[in-house]
Amino acid sequence: MVRIVYLGKFADWAGRDEEEFEAPLDWEGLAQRVEPRIAEELRGDRAHISLDGVVLADKQALSAKDGSEVALLPPVSGG
Amino acid sequence: MVRIVYLGKFADWAGRDEEEFEAPLDWEGLAQRVEPRIAEELRGDRAHISLDGVVLADKQALSAKDGSEVALLPPVSGG
Amino acid sequence: MLDKGLSVGEAQAAFSNINRLSGGIASFLGKVRDDGETQALELTHYAPLTEPAIRELAQEALSRFALDGVLVWHRIGVMTRGQPIVLVMAAAPHRRAAFDAVDFLMDHLKSASWLWKREKRGGTWEWIEPRAEDRLDLSRWT
Amino acid sequence: MLDKGLSVGEAQAAFSNINRLSGGIASFLGKVRDDGETQALELTHYAPLTEPAIRELAQEALSRFALDGVLVWHRIGVMTRGQPIVLVMAAAPHRRAAFDAVDFLMDHLKSASWLWKREKRGGTWEWIEPRAEDRLDLSRWT
């Protein structure tokens, strides 16, 4: 399984902080399974995806294996 | 009387922290009454005199009246 | 990243004690300002990103400036006005290095910070989008 | 000007509390460094000169920068290594103003300070003349 972590407003939109999707998981699989408006925002420039603690330069290159953690990162608000 | 306050090494040289001289007191009167090496150092650029809390731009213009406080300020060491 | 109130005094005392033979300690404490509207703010982070990023930033400050030590604390969770958000300290033999390090850490803390903020106004929580936020942050820290 | 040990922690906490709604607080704490030789140092001042000069300096910082408050403390008397000599704090809505004010105060504190220093080395007290001292001070604060 791949653990999906929702941050910020994505957690509100998803109605949860995290859930599990079946492994392996690529960009298409992810975009299909998350809430449509999360997928839409993830297609934009300001939202990011991290895989096991590393922010992906190219979200579409996502390739998560069993045991991985994928975090869905809305645009950061600064600190 | 004019109160004379010795600061820093001048207090060591004078053997006291303060004393009183008769009023009025001008530069010549001061230079004659203090320890010779204090007078000598006061003639240099780096030592100063204050009269009632004001540092004199021209030490030789000293004119202390009865009740005044004259402080003899060796070169400052910084803070 | 701390999810409880910063005990700023204790941190400063401890840091000062650890670095007691340093020539100087510069510090900056950033707090929640009172904008007259915001009742509370909440910062959420993602630890697998923020923690290594902040450690790396501290490490970079240590290698870039002649320091004896640095401290970087950032609050997360719910805060109200007047409460500390960030505390950065640098101990160094020379004032300039300590100052520059604190400045550097503050400048770069935001880019190392994967933080999401929501604010409570009129009883309602709202997520802060970066466009509006940039301005708010600049006015808070810059 | 304080002739007893600075309670740095208490001062910082009190200043932070008074200025609790300020956006940020910058501070610098200068301490007696360990040069391996000096066993103690003693600073003497002349209050009628130092006190108005430091008050005036603080006032100038308040008028020059957009600040909520400043604190300037300077130790006099006998100190040993690791002990605080000077504590400067500035509270401001903006980080830059707080930083610049602390820098400004530190830069000008020496010219406002009518201070005479003697150091104890090998059991003997010696007055420090400015020529040698300039270098020492620069290395302590700059």
Side-chain angles (χ1 to χ4, degrees), chain A residues 1-21 23 25 27 30 34-59 61-79, chain C residues 1-2 28 30-32 38 41-57 72-77 79 84-88 105-119 124-142:
Chain A
M1 303 297 274
V2 174
R3 179 148 62 157
I4 307 297
V5 179
Y6 296 102
L7 277 305
K9 66 183 180 189
F10 288 172
D12 285 357
W13 291 359
R16 68 197 75 190
D17 291 332
E18 45 183 82
E19 65 183 309
E20 297 206 319
F21 289 166
L25 184 73
W27 164 258
L30 177 73
V34 297
E35 284 286 313
R37 55 179 175 167
I38 295 178
E40 189 188 330
E41 186 133 351
L42 283 175
R43 285 190 190 94
D45 284 342
R46 302 190 309 170
H48 294 87
I49 294 174
S50 75
L51 173 61
D52 295 328
V54 177
V55 179
L56 300 180
D58 177 5
K59 287 173 270 197
L62 175 68
S63 171
K65 295 181 174 50
D66 189 45
S68 290
E69 179 166 305
V70 171
L72 308 185
L73 314 164
V76 294
S77 320
Chain C
M1 306 302 277
L2 300 165
F28 183 77
K31 297 189 289 182
V32 180
T38 308
L41 67 85
E42 182 179 23
L43 289 176
T44 314
H45 77 140
Y46 179 52
L49 294 181
T50 51
E51 287 176 356
I54 286 180
R55 255 194 298 277
E56 204 174 294
L57 180 61
V72 181
W73 271 15
H74 203 302
R75 255 307 292 281
I76 52 172
M79 285 156 269
I85 300 179
V86 63
L87 174 64
V88 169
L105 288 163
M106 289 297 302
D107 281 342
H108 291 81
L109 196 51
K110 269 196 269 185
S111 58
S113 301
W114 290 86
L115 290 167
W116 296 275
K117 179 185 315 191
R118 49 181 203 157
E119 292 183 351
T124 308
W125 283 103
E126 264 179 50
W127 289 101
I128 304 300
E129 291 294 317
R131 193 177 298 268
E133 192 46 26
D134 281 349
R135 206 171 37 78
L136 287 175
D137 268 347
L138 284 173
S139 71
R140 177 171 302 113
W141 275 1
T142 312

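To find a chain, count down the sequence lines: A is the first, B the second, and so on, and within it residues start at 1.
Contact of A/V54 with chain C is made through the backbone alone, with heavy-atom distances under 4.5 Å. Proximity to chain C (any heavy atom under 4.5 Å) is shown, for A/D52, by neither the backbone nor the side chain.
Residues A/L7 and C/W114 have side chains not in contact (no heavy-atom distance under 4.5 Å, counting atoms from C-beta outward).
Interatomic distance, C/Y46 OH to A/Y6 OH, rounded to the nearest 0.5 Å: 13.0 Å.
Annotation: A/D58, atom CG; neighbour count of heavy atoms from other residues, nucleotides and ligands within 6.0 Å is above 12.
Applying the salt bridge (Lys or Arg N to Asp or Glu O under 4.0 Å) rule to pairs touching residues 46-57 of chain C yields nothing, sequence neighbours excluded.
When every heavy atom of A/G53 is checked against every heavy atom of C/L49, the shortest pair comes out as O-CD2, 3.2 Å.
At least one donor-acceptor pair under 3.5 Å links the side chain of C/W116 to the backbone N or O of A/P74.
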